[in-house]
Chemist: 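Please read through the structure below; I'll follow up with questions.
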Amino acid sequence: VSGLSKRKVQTIRTFEDHYEYCHYAAGVWGYMITELMQREGYFNKKQVQDKLMREPKNWNLGMNPAHDFALALQLTNDLKDLHKDHEDGIHRWPIKLLEAKNLTFEQIISIEKEKPDQNEARVLYACDVLEIQVEDTIRYIDSATTWLNEIPYEPAGLRRCWGDALGMSAATLRTINQAGFFYDDESRKISREEVAHIDGIIEDLTAKKKPLGPFISHLLRQPANEYR
C-alpha cells in the first residue's frame, strides 16, 4: 500500500515504471497467495524456495513465478482497461511508447468516436503500441504457467480457479490485439461463450491430471473451442 501511494509509482513512463507499479499492485499479492498456499500444504517449502519464490526481492522476469503470475494478470488488466481508466483520469500504458509514435492518450481514445478508416495512420501506430505491450505481457504469461503447473490436482477447484484466471488473461490478450480494440467495445473482452469453454477445458484437463500450459499457450493464438 505504501508503495502505491508514491507519486513516482503512479507515473508510468516506461516498461520498468509499469513493472514497479504492478509489483506493488499485484506482485506482493502473488507472494502472499503462495505463502498462504504453502501454509495450507498445497505447496511445500522446497517448491517455494527453489522454484516459485527463489529471490523475492528480485523482481526480474523468471526469478519468481509467483510474482510473474500476479504481474501477468495485472498487466493484462491494465492493457484492456485503457478506455475505462482514461475516463477516471488514470493511464497505465507507458507514456514513452506513445511518444515514440507521436501519439497522446487523447488521440488513441478518440479513435473510438471517429471512423477508423479516416484515421488509418493513427490506428496503425496505436496498434503498434498495443502489440508491443501484448508481446511483453505474453512473457509473463509464459513464466506464470510455471507457478500454475506446481499447484496440486487435488482439490481440483484450486487449480481450476487459478487456471481460469490465467487462461482468461491469455484469451484477452489475443482478443484485444487488433485495431477494433480502439473503437469497438466488443473487441475489448472475450465472449461469454469463450469464458465457458475455457472453464470447461480447464476442468477437464485438471480431472485428467494434465498440465495446463499447452492450453494456455493455445489461447494466446486461437480460441478455446479450437483446442484439440
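Positions are given from 1 along the sequence. Side chains are part of it too, since the values below use all heavy atoms of this structure and drop only hydrogens, waters and symmetry mates.
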Chemist: Taking only residues two or more places apart in sequence or in another chain, which ones pass side-chain hydrogen bond (donor to acceptor under 3.5 Å, both in side chains) with S217?
Modeler: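 side-chain hydrogen bond (donor to acceptor under 3.5 Å, both in side chains) list for S217, sorted by chain: empty.
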Chemist: For the backbone of D17 and the side chain of T14, can you confirm whether one donor and one acceptor N or O come within less than 3.5 Å of each other?
Modeler: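 Yes; at least one donor-acceptor contact below 3.5 Å.
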Chemist: Can you see which heavy atom on I176 is nearest to which on F181, and at what distance?
Modeler: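 That closest heavy-atom pairing would be O-CB, 3.3 Å.
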Chemist: When you look at OH of Y125, are more than 12 heavy atoms from neighbouring residues, nucleotides or ligands closer to it than 6.0 Å?
Modeler: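 No.
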Chemist: Where do A26 and A70 come nearest, in terms of heavy atoms and distance?
Modeler: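 Closest pair (atom of A26, atom of A70, distance): O-CB, 3.1 Å.
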Chemist: Should I12 and H91 count as side-chain neighbours, where that means a heavy-atom distance under 4.5 Å?
Modeler: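 I12 vs H91: side chains apart.
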Chemist: To the nearest 0.5 Å, what is the distance between OG1 on T206 and CD on E154?
Modeler: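 It comes to 9.5 Å.
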Chemist: Considering all heavy atoms of both residues, which atom of G27 and which atom of H67 are nearest to each other, and what is their separation?
Modeler: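 Taking G27 first and H67 second, the nearest heavy atoms are CA-CD2, 3.6 Å.
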Chemist: Find out whether F215 and K210 are in side-chain contact, i.e. whether some heavy atom of one side chain is under 4.5 Å from a heavy atom of the other.
Modeler: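 They are not in contact (no side-chain heavy atoms under 4.5 Å apart), so the answer is no.
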Chemist: Between R92 and D81, does any NZ, NE, NH1 or NH2 come within less than 4.0 Å of an OD or OE carboxylate oxygen?
Modeler: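 Salt bridge flag = no for R92 with D81.
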Chemist: So how far is it from H18 NE2 to L97 CG, rounded to the nearest 0.5 Å?
Modeler: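 Those atoms lie 10.5 Å apart.
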Chemist: Nearest 0.5 angstrom please: I141 CD1 to L166 CG, how far?
Modeler: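 Between atom CD1 of I141 and atom CG of L166 there are 4.5 Å.
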Chemist: Output yes when a side-chain donor or acceptor of N177 lies under 3.5 Å from a complementary backbone atom of L173, and no otherwise.
Modeler: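 Pair absent, no side-chain N/O of N177 close to backbone of L173.
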Chemist: Can a donor-acceptor pair be found, under 3.5 Å and without considering hydrogens, that links the side chain of R13 to the backbone of K96?
Modeler: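 Flag not set: sc R13 to bb K96 has no pair under 3.5 Å.
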Chemist: Checking M53 against F43 for the side-chain contact (heavy atoms from CB on, under 4.5 Å) test, could you report, in this order, the C-alpha distance in whole Å, the side-chain angles of both residues, the deciding distance, and whether it holds?
Modeler: CA-CA 11 Å; M53 290 173 54; F43 292 140; over 6 Å; no
Chemist: Between I95 and I111, is there a shared hydrophobic cluster once you connect ILVMFWY residues whose side-chain heavy atoms come closer than 4.5 Å?
Modeler: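 Linked within one cluster.
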Chemist: How many angstroms lie between atom CG of L52 and atom CG of L148, to the nearest 0.5 angstrom?
Modeler: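 Here the rounded value is 11.0 Å.
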Chemist: Measure across Y42 and Q47 and return the closest heavy-atom pair with its distance rounded to 0.1 Å.
Modeler: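 Shortest heavy-atom contact: O-OE1, 4.1 Å.
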Chemist: Is the side chain of E226 donor-acceptor paired with the backbone N or O of P223 at a distance under 3.5 Å, no angle test?
Modeler: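 It does not hold such a pair.
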Chemist: Under a 4.5 Å side-chain heavy-atom rule over Ile, Leu, Val, Met, Phe, Trp and Tyr, are F105 and L130 clustered together?
Modeler: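 Same cluster: F105 reaches L130 through Ile, Leu, Val, Met, Phe, Trp or Tyr contacts under 4.5 Å.
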Chemist: Give a yes or no answer on whether the side chain of H197 reaches the backbone of E193 with a donor-acceptor pair at less than 3.5 Å.
Modeler: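 Present.
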Chemist: What's the spacing between R174 CZ and L219 CG if we round to 0.5 Å?
Modeler: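 Between R174 CZ and L219 CG, I get 6.5 Å after rounding to 0.5 Å.
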Chemist: Where do M37 and I151 land on the side-chain contact (heavy atoms from CB on, under 4.5 Å) test, with the steps shown first?
Modeler: CA-CA 9 Å; M37 290 173 66; I151 297 175; 4.0 Å; yes
Chemist: Is there a side-chain contact between W93 and L79, using heavy atoms and a 4.5 Å cut-off?
Modeler: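 A side-chain contact under 4.5 Å exists here.
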Chemist: Any heavy-atom pair between the side chains of E194 and I198 that's under 4.5 Å?
Modeler: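 They are in contact (side-chain heavy atoms under 4.5 Å apart), so the answer is yes.
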Chemist: Please name the pair of heavy atoms, one in Y31 and one in N58, separated by the smallest distance, quoted to 0.1 Å.
Modeler: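 Closest approach of Y31 to N58, heavy atoms only: OH-O, 4.3 Å.
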Chemist: Establish whether Y227 and I202 are linked, either directly or via other cluster members, by ILVMFWY side-chain heavy-atom contacts under 4.5 Å.
Modeler: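 Both belong to a single hydrophobic cluster.
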Chemist: Can any side-chain N or O of W147 pair as donor or acceptor with the backbone N or O of K51 at less than 3.5 Å?
Modeler: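 Answer holds: no.
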Chemist: Mind listing the closest non-hydrogen atom pair of N64 and P56 along with its distance?
Modeler: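 Result for this residue pair: OD1-N, 3.6 Å.
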Chemist: Any heavy-atom pair between the side chains of I108 and L82 that's under 4.5 Å?
Modeler: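 Yes, side chains in contact.
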Chemist: Walk me through whether L71 and S143 qualify under side-chain contact (heavy atoms from CB on, under 4.5 Å).
Modeler: CA-CA 10 Å; L71 259 68; S143 181; over 6 Å; no
Chemist: So, taking the atom named CG in D85 and the one named CG in D78, what distance separates them when rounded to the nearest 0.5 Å?
Modeler: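 That separation rounds to 6.5 Å.
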Chemist: Determine, using the 4.5 Å side-chain heavy-atom cutoff (strictly less than), whether Y24 and M63 are members of one ILVMFWY cluster.
Modeler: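 No, it is not one cluster - the side chains of Y24 and M63 are not joined through contacts under 4.5 Å.
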Chemist: Any link between W162 and L36 through a network of hydrophobic side chains (Ile, Leu, Val, Met, Phe, Trp, Tyr) touching at under 4.5 Å?
Modeler: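 Yes, one cluster joins them.
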Chemist: Is there a donor-acceptor contact under 3.5 Å from the side chain of E20 to the main chain of E16?
Modeler: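 No; judged by distance alone, with no hydrogens or angles, the pair does not exist.
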Chemist: Contact between F69 and T34 at the side-chain level, heavy atoms closer than 4.5 Å - yes or no?
Modeler: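 Side-chain contact under 4.5 Å: no.
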Chemist: Ignoring hydrogens and angles, tell me if any N or O in the side chain of R139 forms a donor-acceptor pair with the backbone of G62 under 3.5 Å.
Modeler: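 Not a single qualifying donor-acceptor pair exists.
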Chemist: Please check if the side chain of R188 supplies one atom and the backbone of G180 the other of a donor-acceptor pair under 3.5 Å.
Modeler: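 No: the side chain of R188 does not pair with the backbone of G180.
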Chemist: Hey, does the side chain of D68 reach the backbone of Y140 with a donor-acceptor pair shorter than 3.5 angstrom?
Modeler: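 Judged by distance alone, no pair lies under 3.5 Å.
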Chemist: With a 4.5 Å cut-off on side-chain heavy atoms, are R159 and Y153 touching?
Modeler: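 Side-chain contact under 4.5 Å: yes.
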Chemist: Would you please test F182 and S187 for side-chain contact (heavy atoms from CB on, under 4.5 Å) and show each step?
Modeler: CA-CA 8 Å; F182 295 101; S187 297; over 6 Å; no
Chemist: Does the side chain of E106 come within less than 4.5 Å of H86's, by heavy atoms?
Modeler: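 The answer is yes; the side chains approach within 4.5 Å.
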